[in-house]
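See structure below.
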Amino acid sequence: MRYKLLVEYEGTRYLGWQVQPHGPTIQGEMEAALRKLCGQEVRVAAAGRTDAGVHASGQVVSFVLERAWPTESLLRALNAVLPHDIAVTKAEQVADSFDPRRDATSRTYLYRIWNRRVPSPFWRRFSWHVFYPLDERAMQAAAATLVGEHDFASFQAAGCEAAHAVRRVVRSEVERQGDMILYRIEANAFVRHMVRNIVGTLVEVGRGQLEPQALAMILERRDRTHAGPTAPAHGLCLSAVRYHDALRRGLRSENVSEA
């Protein structure tokens with residue numbers, strides 16, 4: 001029986017999603033919890049392989065169990081044995097053919113920037129503290145130029161294993177909520193560190209180091225050296241994964257808590 005879960009986690013103490021030999025990972029903790037509950041080795045796949053320090057409020061995972069579990073019982077049992085910084089918020093049975101990564105039509109990431117001279121002890125694990133003033137309207141003008149299908153090689157980290165950097169962005173928006181600046185981007189897929197590299201460049205726009213129209217030129221150059229610095233991982237959160245409604249696999253996760 002194949003199961004699909006909606007999962008939240010704080011990525012602070014983890015080396016990312018994927019199992020690593022030298023430290024804790026989200027995948028490793030979930031597989032250990034299932035092994036404890038079911039007495040079998042279970043391989044867990046995810047919609048997005050988040051990097052070290054990155055959080056999630058809408059991660060989708062899937063796995064196969066040898067015997068059927070009532071979904072509510074599985075949800076409660078997993079939350080009882082998982083670490084305090086990982087939680088399952090929804091569980092359902094799905095067709096055996098379901099693949100959380102390949103079947104996803106888009107993923108949405110949210111990046112938080114704490115834009116105040118004084119840091120916030122409450123947001124320090126979930127946002128990048130930028131103490132100098134930022135012009136969010138200039139950042140929004142720049143972000144809007146990324147919508148559409150483009151080659152994102154200029155925002156691709158070294159060592160990325162993707163065959164190419166062409167991605168389709170359907171949403172790229174900046175807004176301010178008090179001292180917090182939020183950047184949301186939704187795309188069919190992402191290359192390595194794409195969102196963090198975009199955010200680092202948007203901050204350069206916000207502080208007046210780049211004009212908003214510079215992002216279009218940076219895209220055209222397809223050269224990472226022309227983009228801004230890589231924003232820190234702890235401000236990033238995988239907030240949503242979308243699937244075709246026709247597939248009847250309806251975990252649509254838009255459960256980001258904002259302040």
Side-chain angles (χ1 to χ4, degrees), residues 11 15-18 20 45-56 58-59 99-113 128 130 134-136 138-175 181-242:
L15 299 179
W17 163 261
Q18 197 164 359
Q20 305 286 335
R49 297 173 183 174
T50 52
D51 291 332
V54 175
H55 315 293
Q59 177 71 278
D99 185 310
R101 183 173 66 87
R102 297 182 186 276
D103 290 347
T105 59
S106 75
R107 297 157 184 82
T108 300
Y109 281 90
L110 172 67
Y111 197 97
R112 292 181 173 93
I113 300 169
W128 177 18
V130 177
L134 295 175
D135 182 351
E136 70 275 7
M139 294 169 70
Q140 167 56 24
T145 66
L146 301 179
V147 174
E149 187 169 275
H150 306 284
D151 187 324
F152 283 88
S154 292
F155 299 101
Q156 181 179 24
C160 181
E161 298 177 356
H164 59 82
V166 176
R167 298 293 186 267
R168 186 178 69 257
V169 173
V170 298
R171 183 184 185 189
S172 177
E173 299 173 348
V174 174
E175 67 170 313
I181 293 177
L182 306 171
Y183 175 60
R184 289 185 182 83
I185 181 169
E186 180 180 358
N188 63 330
F190 294 85
V191 293
R192 187 182 185 195
H193 294 176
M194 176 173 154
V195 182
R196 292 166 59 192
N197 292 336
I198 289 172
V199 170
T201 310
L202 290 175
V203 166
E204 294 295 285
V205 172
R207 64 186 298 198
Q209 299 298 304
L210 292 173
E211 294 296 323
Q213 58 268 29
L215 262 73
M217 293 184 287
I218 290 170
L219 277 174
E220 291 175 3
R221 288 171 178 168
R222 302 177 186 177
D223 184 341
R224 175 68 186 92
T225 63
H226 290 284
T230 304
H234 64 271
L236 186 60
C237 180
L238 172 60
S239 64
V241 182
R242 296 181 189 269

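The first residue in the sequence is number 1, and the count goes up from there. Not measured: the values here are computed from a predicted model.
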With a 4.5 Å cut-off on side-chain heavy atoms, are [Y] and [X] touching?
{"X": "Glu211", "Y": "Val205", "value": "no"}
{"X": "Ile218", "Y": "Phe155", "value": "yes"}
{"X": "Ser239", "Y": "Tyr111", "value": "no"}

Contact summary for [X] and [Y], nearest pair of heavy atoms:
{"X": "Ile185", "Y": "Met194", "result": "CD1-CE, 4.4 Å"}
{"X": "Ala165", "Y": "Ala153", "result": "CB-N, 3.5 Å"}
{"X": "Ala45", "Y": "Pro100", "result": "O-CG, 3.7 Å"}
{"X": "Ala158", "Y": "Arg192", "result": "O-NH1, 3.1 Å"}
{"X": "Ala231", "Y": "Gly200", "result": "CB-N, 4.1 Å"}

Inset, instruction - List the steps and the verdict of side chain to side chain contact (heavy atoms under 4.5 Å, CB included) for Arg101 and Arg107. - result: CA-CA 10 Å; Arg101 183 173 66 87; Arg107 297 157 184 82; 3.6 Å; yes

Inset, instruction - Identify, with sequence neighbours excluded, every residue that meets ring pair (Phe, Tyr, Trp, His ring centres under 6.0 Å) alongside Tyr183. - result: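 Checked Tyr183 against ring pair (Phe, Tyr, Trp, His ring centres under 6.0 Å); zero matches.
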
Throw together a table of side-chain donor-acceptor distances under 3.5 angstrom for residues 139-149, partners on residues two or more places apart or in other chains.
{"residue": "Gln140", "atom": "OE1", "partner": "Val174", "partner atom": "N", "Å": "2.6"}
{"residue": "Thr145", "atom": "OG1", "partner": "Ala142", "partner atom": "O", "Å": "2.6"}

Inset, instruction - Can you sort out the partners of Glu136 under side chain to side chain donor-acceptor pair (under 3.5 Å), two or more places apart, ordered by chain and number? - result: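 Checked Glu136 against side chain to side chain donor-acceptor pair (under 3.5 Å); matches are Arg176.
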
Inset, instruction - Quick one: list whatever passes side chain to side chain donor-acceptor pair (under 3.5 Å) with Glu220, sequence neighbours left out. - result: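 So Glu220 forms no side chain to side chain donor-acceptor pair (under 3.5 Å) with any residue.
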
Legend entry - salt bridge (charged side-chain N to carboxylate O under 4.0 Å, His left out) partners for Arg207, two or more places apart: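 Partners of Arg207 under the salt bridge (charged side-chain N to carboxylate O under 4.0 Å, His left out) test: Glu204.
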
Inset, instruction - Might you work through the side chain to side chain contact (heavy atoms under 4.5 Å, CB included) test for Ile113 and Val199, ending with a clear yes or no? - result: CA-CA 9 Å; Ile113 300 169; Val199 170; 4.0 Å; yes

May I ask you to decide if [Y]'s main-chain N or O and [X]'s side chain share a donor-acceptor pair within less than 3.5 Å?
{"X": "Arg167", "Y": "Asn188", "answer": "no"}
{"X": "Thr230", "Y": "Arg196", "answer": "no"}
{"X": "Thr105", "Y": "Arg242", "answer": "yes"}

Inset, instruction - Could you grab the distance from atom NE2 of His226 to atom CE of Met217, nearest 0.5 Å is fine? - result: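 So the gap between those two atoms works out to 11.0 Å.
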
Legend entry - Distance, nearest 0.5 Å, that separates CD1 of Ile198 from CG of Leu215: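 Going from the CD1 atom of Ile198 to the CG atom of Leu215 covers 7.5 Å.
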
Inset, instruction - Using the salt bridge (charged side-chain N to carboxylate O under 4.0 Å, His left out) rule, collect all pairs that involve residues 221-241, keeping only residues at least two apart or in two chains. - result: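 Every pair satisfying salt bridge (charged side-chain N to carboxylate O under 4.0 Å, His left out) with a residue in residues 221-241: Asp151-Arg222.
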
Inset, instruction - Could you tell me how the ring of His150 sits relative to the ring of Phe152: parallel (under 30°), tilted (30 to 60°) or perpendicular (over 60°)? - result: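 It falls in the perpendicular class, over 60°.
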
Legend entry - Sole residue of Thr201, Leu202, Val203 in side-chain contact (heavy atoms from CB on, under 4.5 Å) with Leu210: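 The side-chain contact (heavy atoms from CB on, under 4.5 Å) with Leu210 is passed solely by Thr201 among Thr201, Leu202, Val203.
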
